[in-house]
Amino acid sequence: QVRLVESGGGLVQAGGSLRLACAASERTGSTYVTAWFRQAPGKEREFVAAISRNGGSTYYTDSVKGRFTISRGNAKNTVYLQMNSLKPEDTAVYYCAARKSILIVTTRGEYDYWGQGTQVTVSS
């Protein structure tokens, strides 16, 4: 059982930056694909970004390409989401998720473990 804990959310003005962190209870870098999802009020949870087990591959949803960067920390049990040029439409609860696989997928149901989420609010 992998436990995931997100941190780094907060309130920021449009155009600003935040860095989210997802700390896992074990070293996920060798075993788990890790992803970030987000859920805005009244909307379904959507895929944002994912990183492969060794960090060599990343994948982003179109709306965040060029603005967000997902990466693994040196200790391999933390995954970061650097968010730049934030927009009000990025406002959501951001969730970290992990799946024990070599394949990056964007489907919510394919991920086995989830964190509790961290709120990101972008003001205009």
Side-chain angles (χ1 to χ4, degrees):
Q1 184 80 8
V2 176
R3 294 185 302 276
L4 304 172
V5 179
E6 302 96 335
S7 62
L11 173 64
V12 64
Q13 288 187 333
S17 299
L18 283 174
R19 188 174 81 155
L20 306 183
C22 172
S25 57
E26 62 183 72
R27 293 170 67 92
T28 56
S30 61
T31 311
Y32 296 88
V33 166
T34 306
W36 288 94
F37 286 75
R38 66 186 179 186
Q39 187 167 17
K43 295 187 177 181
E44 292 189 355
R45 194 171 300 186
E46 65 174 357
F47 172 84
V48 176
I51 189 166
S52 61
R53 299 186 302 179
N54 62 3
S57 297
T58 57
Y59 188 79
Y60 300 90
T61 192
D62 286 346
S63 62
V64 308
K65 284 180 181 177
R67 300 189 298 122
F68 291 12
T69 303
I70 189 171
S71 62
R72 288 195 180 275
N74 291 333
K76 304 300 183 186
N77 67 335
T78 302
V79 170
Y80 300 99
L81 185 68
Q82 177 67 44
M83 306 186 295
N84 299 327
S85 301
L86 283 161
K87 304 175 181 180
E89 51 263 44
D90 294 316
T91 295
V93 177
Y94 282 70
Y95 297 90
C96 177
R99 68 188 302 261
K100 198 169 185 179
S101 174
I102 62 172
L103 297 177
I104 289 179
V105 297
T106 62
T107 307
R108 172 184 175 182
E110 297 292 330
Y111 285 83
D112 305 305
Y113 304 103
W114 292 83
Q116 83 290 347
T118 185
Q119 176 71 47
V120 171
T121 303
V122 184
S123 63
S124 58

Going hydrophobic residue to hydrophobic residue with side-chain gaps under 4.5 angstrom, can you get from Y80 over to Y60?
no
Got more than 12 heavy atoms from elsewhere within 6.0 Å of OH, Y59?
no
Would a 4.5 Å heavy-atom cut-off, applied to side chains only, mark E26 and N77 as touching?
no
For G8 and L18 the tightest heavy-atom approach is O-CD2, 3.9 Å
With no hydrogens and no angle check, is any side-chain donor or acceptor of E6 less than 3.5 Å from a backbone partner on Q116?
yes
Identify the two heavy atoms, one from T78 and one from A21, that lie closest to each other, and give their separation to 0.1 Å.
CG2-CB, 4.3 Å
Determine, step by step, whether Y113 and K100 satisfy the side-chain contact (heavy atoms from CB on, under 4.5 Å) criterion, reporting the C-alpha distance in whole Å, the side-chain angles of both residues, the deciding distance to 0.1 Å, and the verdict.
CA-CA 9 Å; Y113 304 103; K100 198 169 185 179; 5.6 Å; no
Where V120 and G9 come nearest, the two heavy atoms and their spacing
CG2-CA, 4.2 Å
With under 30° as parallel and over 60° as perpendicular, where do the rings of F47 and F37 fit, or are they tilted in between?
perpendicular
W36 versus V79: any side-chain heavy-atom pair under 4.5 Å?
yes
Electrostatic pair K65-D62, nearest N-O below 4.0 angstrom
yes
Given the rule in the side-chain contact (heavy atoms from CB on, under 4.5 Å) test, do K87 and R67 qualify, once you have shown the distances and angles that lead to the verdict?
CA-CA 10 Å; K87 304 175 181 180; R67 300 189 298 122; 3.8 Å; yes
Is it true that atom NZ of K43 has more than 12 heavy atoms of other residues, nucleotides or ligands lying nearer than 6.0 Å?
no
Which distance, rounded to the nearest 0.5 Å, do you find between the CD1 of I102 and the OG of S52?
10.0 Å
Can any side-chain N or O of S101 pair as donor or acceptor with the backbone N or O of L103 at less than 3.5 Å?
yes
Do L20 and M83 pass the side-chain contact (heavy atoms from CB on, under 4.5 Å) test, and can you show the C-alpha distance, the side-chain angles, and the key distance before you say yes or no?
CA-CA 8 Å; L20 306 183; M83 306 186 295; 3.7 Å; yes
Just wondering, do Q119 and T91 contact through their side chains at under 4.5 Å, heavy atoms?
yes
Heavy-atom side-chain contact between Y32 and I51 under 4.5 Å
no
As a quick check of understanding, evaluate side-chain contact (heavy atoms from CB on, under 4.5 Å) for T34 and C96, giving each step before the final call.
CA-CA 7 Å; T34 306; C96 177; 3.8 Å; yes
A cation-pi test, strictly: NZ or CZ of R45 under 6.0 Å from the centre of the six-membered ring of Y95 and no more than 45 degrees from its axis. Yes or no?
yes
Enter the distance from F68:CZ to S17:OG here, rounded to the nearest 0.5 Å.
9.5 Å
Modelled atom types, side-chain donor and acceptor of Y111 and R99, under 3.5 Å:
no
Under a 4.5 Å cut-off applied to non-hydrogen side-chain atoms, are R38 and D90 in contact?
yes
Between atom CD1 of I104 and atom CD1 of I70, what is the distance when rounded to the nearest 0.5 Å?
8.0 Å
State, with a plain yes or no, whether a side-chain heavy atom of E110 is found less than 4.5 Å away from one of V33.
no
For a quick test of reading the model, state the closest non-hydrogen atom pair linking A14 to S124 and the distance between them.
CB-CA, 4.4 Å
